[in-house]
Amino acid sequence: MARDLAYLSATDLTGLLGSGQLSSVELVQSCLARVQAVDGRVRAFNSRDEAGALAAARASDERRAAGQARGPLDGIPVGLKDVIAVEGQPLTCSSKMLANFISPYDATVTTRLKAAGAIPLGRLNMDEFAMGSSTENSAFGPTANPWDLTRVPGGSSGGSAAAVAAGELPLTLGSDTGGSIRQPAALCGIVGLKPTYGLVSRYGLAAYASSLDQIGTMAHTVDDAALLLGAIAGHDERDSTSFKAAVPDYGAEIARRRGPWRLGVPKEFFGAGLDPEVGAAVQAAIAFYREAGCEIREVSLPLAAEHAIAVYYLIATAEASSNLARYDGIRYGHRAAKAKDVVDLYFQSRAEGFGDEVKRRIILGTHVLSSGYYDAYYLRAQKVRTLIRNEFAAVLQECDALLSPTSPIPAFKIGEKSADPLAMYLTDIYTISVNLAGLPGLSVPCGFTTGGLPIGLQLIGRPFDEAGLLAIARAYEQAHEWSQRHPVL
Amino acid sequence: MSAGSDLNIDYVANLARLALTDEEKARFARQLGDILHYVEKLKQVDVSGVEPMAHAAPVFNVWQDDVARAGLTVEQALRNAPAQRDQMIAVPKVLD
């Protein structure tokens with residue numbers, strides 16, 4: 001293939017496919033060649049269905065030749081975090097527990113992608129069961145950050161972020177429970193969108209913390225993230241938490257909304273622990289909006305800033321301890337070879353199948369739900385969660401969106417924080433409260449450190465106002481060239 | 001709220017049906033002690049009169065009509081079973 005397609009946006013690829021300058025088969029082959037060239041170093045993929053992807057690409061090309069292309073995603077390869085079911089394909093959650101599991105059905109997002117003609121090309125590495133912020137908790141080894149292979153890509157959707165940043169795929173899906181789309185997007189220099197809780201069906205997403213989990217999109221550009229969101233969003237009767245709301249044409253809505261906007265800056269999100277270069281890049285982005293005519297308001301989120309991490313690690317681990325009880329070695333998943341009886345089989349299968357971080361969270365979650373501790377930990381956390389949600393609702397009454405850093409620090413070294421879980425948890429300080437409140441959040445590239453590591457700007461929006469959030473992010477993106485920079489691999 | 005030292009790791013690991021080595025018990029107890037100490041800060045928040053929040057979705061009590069529909073076939077449902085026999089999942093003896 002003569003053209004270098006690696007860093008073209010999905011929107012550009014759609015144009016090339018539509019004008020006949022590119023076939024889907026060529027595009028899939030180009031992605032596979034790029035994977036062949038760089039993934040030995042990046043290690044974003046857990047598995048790939050190359051034959052299936054090429055067959056789907058041929059079918060797409062035939063539809064297009066017959067004038068029956070299904071829309072802008074027809075023929076575009078998409079990578080899925082290895083926590084989202086694709087029928088007949090592995091679904092490992094990067095865990096030994098599910099190392100040999102084959103999905104018996106498609107997740108709703110997978111069904112919708114296929115219906116749009118998109119091509120699920122591979123399943124991407126992650127922290128085991130989406131528990132982590134660095135993708136080091138994968139049973140299959142860590143993914144590397146394409147900007148510096150000695151550093152983490154963030155997590156838990158580190159494979160999904162790295163695959164885009166490395167030019168292996170134009171679009172990927174991740175899942176975000178406490179920042180797991182936005183933080184790796186920031187650390188890898190791409191766009192990551194966590195939609196409002198309830199906008200995207202979670203049917204076929206292996207559950208971690210059900211009241212917080214949400215599938216979202218990762219891409220080179222805001223337009224691409226919106227394009228992919230439009231294909232997967234909307235009510236699904238198979239997810240009882242999915243919201244019955246009309247899904248707008250995000251592309252048209254983004255173009256229509258031009259600002260100026262009222263933007264809030266939570267003062268507590270710029271305090272101790274924020275890397276100076278990250279802080280300076282985010283302040284420069286805020287200055288851009290001010291100069292563009294936006295009204296910048298300092299706002300205060302004291303409870304979110306001070307208590308979100310504590311609330312999250314009580315609620316998320318409680319839900320995880322319940323959700324992960326299903327992995328017992330009986331119906332599916334790893335079964336220990338030696339056990340005295342069926343109860344011992346549970347103990348041994350879980351001991352062998354789960355990694356350290358999953359065990360830690362199951363223990364913590366079981367503890368905080370146990371008799372005598374429930375009120376003090378879990379119930380209190382749920383009440384503080386209410387206060388955090390109310391705090392966001394109040395400031396978002398007077399602001400169209402909030403601006404903050406996505407991560408307090410740029411990508412850290414592989415191994416740097418893996419022995420200290422609490423230090424790792426603190427890297428999610430700006431993203432985690434957004435999940436507690438159920439709000440949409442987006443990370444867009446806003447610069448680089450002097451060492452060449454990407455920095456992300458987080459935008460937090462009103463419930464179900466993804467279009468507004470995307471429009472605000474796009475205004476910044478269009479005026480800067482960060483998304484034109486790519487790592488040398 | 002109770003201090004982190006209240007974590008009885010043997011008791012909790014038993015509830016969670018999770019076999020832990022002595023090394024894991026010591027390490028997890030220390031790490032989780034740090035985390036439980038950290039979450040103590042929630043005691044500072046006045047939550048009197050505050051309703052707990054289970055999730056952020058503005059939907060409640062979703063019911064589906066009781067209509068039969070196609071599901072997985074037996075073969076599909078058993079495909080990932082670690083051991084099977086006669087279209088059933090085989091398990092170690094449960095009763096003597």
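Note: hydrogens, waters and symmetry copies are ignored here, and every other heavy atom, side chains too, is used. Just so it is clear: chains get the letters A, B, ... in the order the sequence lines come, proteins before strands, and each one is counted from 1.
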Check A:Leu436 against B:Ala56 and note the closest heavy-atom contact, atom names and distance.
O-CB, 4.3 Å
Is A:Ser240 close to chain B through its backbone or its side chain, or both, or neither, when contacts mean heavy atoms under 4.5 Å?
both
What part of A:Ala419 is in contact with chain B, defined as an atom under 4.5 angstrom from a non-hydrogen atom: side chain, backbone, both or neither?
backbone
Looking only at heavy atoms, what is the nearest atom pair of B:Met53 and A:Arg385, with distance?
CE-NE, 3.7 Å
Is the backbone N or O of B:Phe28 less than 3.5 Å from a side-chain atom of A:Arg360, with the two atoms forming a donor-acceptor pair by type?
no
Nearest-0.5 Å distance, OG of residue A:Ser370 to CG of residue B:Asn8
9.5 Å
So which part of B:Leu72 gets closer than 4.5 Å to some heavy atom of chain A, the side chain, the backbone, both or neither?
side chain
Main-chain N/O of A:Ile102 paired to B:Asn80 side chain as donor or acceptor, under 3.5 Å
yes
Where on B:Arg17 is there a heavy atom nearer than 4.5 Å to chain A: the side chain, the backbone, both, or neither?
both
Taking side chain as everything from C-beta outward and backbone as N, CA, C, O, which of these in A:Glu306 sits under 4.5 Å from a heavy atom of chain B? Side chain, backbone, both or neither.
both
Mind listing the closest non-hydrogen atom pair of A:Leu345 and B:Pro92 along with its distance?
CD2-CD, 3.6 Å
Which atom names give the shortest non-hydrogen contact between A:Ala351 and B:Leu18, and what distance separates them?
N-CD1, 4.0 Å
Counting only non-hydrogen atoms closer than 4.5 Å, does B:Asn61 touch chain A with its backbone (N, CA, C, O), its side chain (CB onward), both, or neither?
neither
Considering heavy atoms only, which positions within residues 82-91 of chain B lie below 4.5 Å of chain A?
B:Pro82, B:Ala83, B:Ile89, B:Ala90, B:Val91
Is the shortest heavy-atom distance from the side chain of A:Tyr377 to the side chain of B:Glu40 under 4.5 Å?
yes
Under the criterion side-chain contact (heavy atoms from CB on, under 4.5 Å), which of B:Leu32, B:Leu7, B:Val39 is the partner of A:Leu364?
B:Leu32
Taking C-beta and beyond as the side chain, do A:Asp356 and B:Glu24 meet within less than 4.5 Å on heavy atoms?
yes
Backbone N/O of A:Asp341 and side chain of B:Lys93: donor-acceptor pair under 3.5 Å:
no
Flag side-chain contact, heavy atom, 4.5 Å: B:His55 against A:Leu212:
no
Would you check if B:Val12 and A:Tyr373 make a side-chain contact, meaning some heavy-atom pair closer than 4.5 Å?
no
Partner residues of A:Asp239 under the side chain to side chain donor-acceptor pair (under 3.5 Å) criterion, sequence neighbours left out
A:Thr241
Heavy-atom closest pair (A:Ala310 atom, B:Lys41 atom, distance to 0.1 Å) is CB-CG, 4.4 Å
With only heavy atoms counted, which part of B:Leu20 is less than 4.5 Å from chain A, the side chain, the backbone, both or neither?
side chain
Tell me if a side-chain donor or acceptor on A:Arg380 pairs with a main-chain N or O of B:Val45 at a distance below 3.5 Å.
yes
Give a yes or no answer on whether the side chain of B:Glu51 reaches the backbone of A:Thr386 with a donor-acceptor pair at less than 3.5 Å.
no
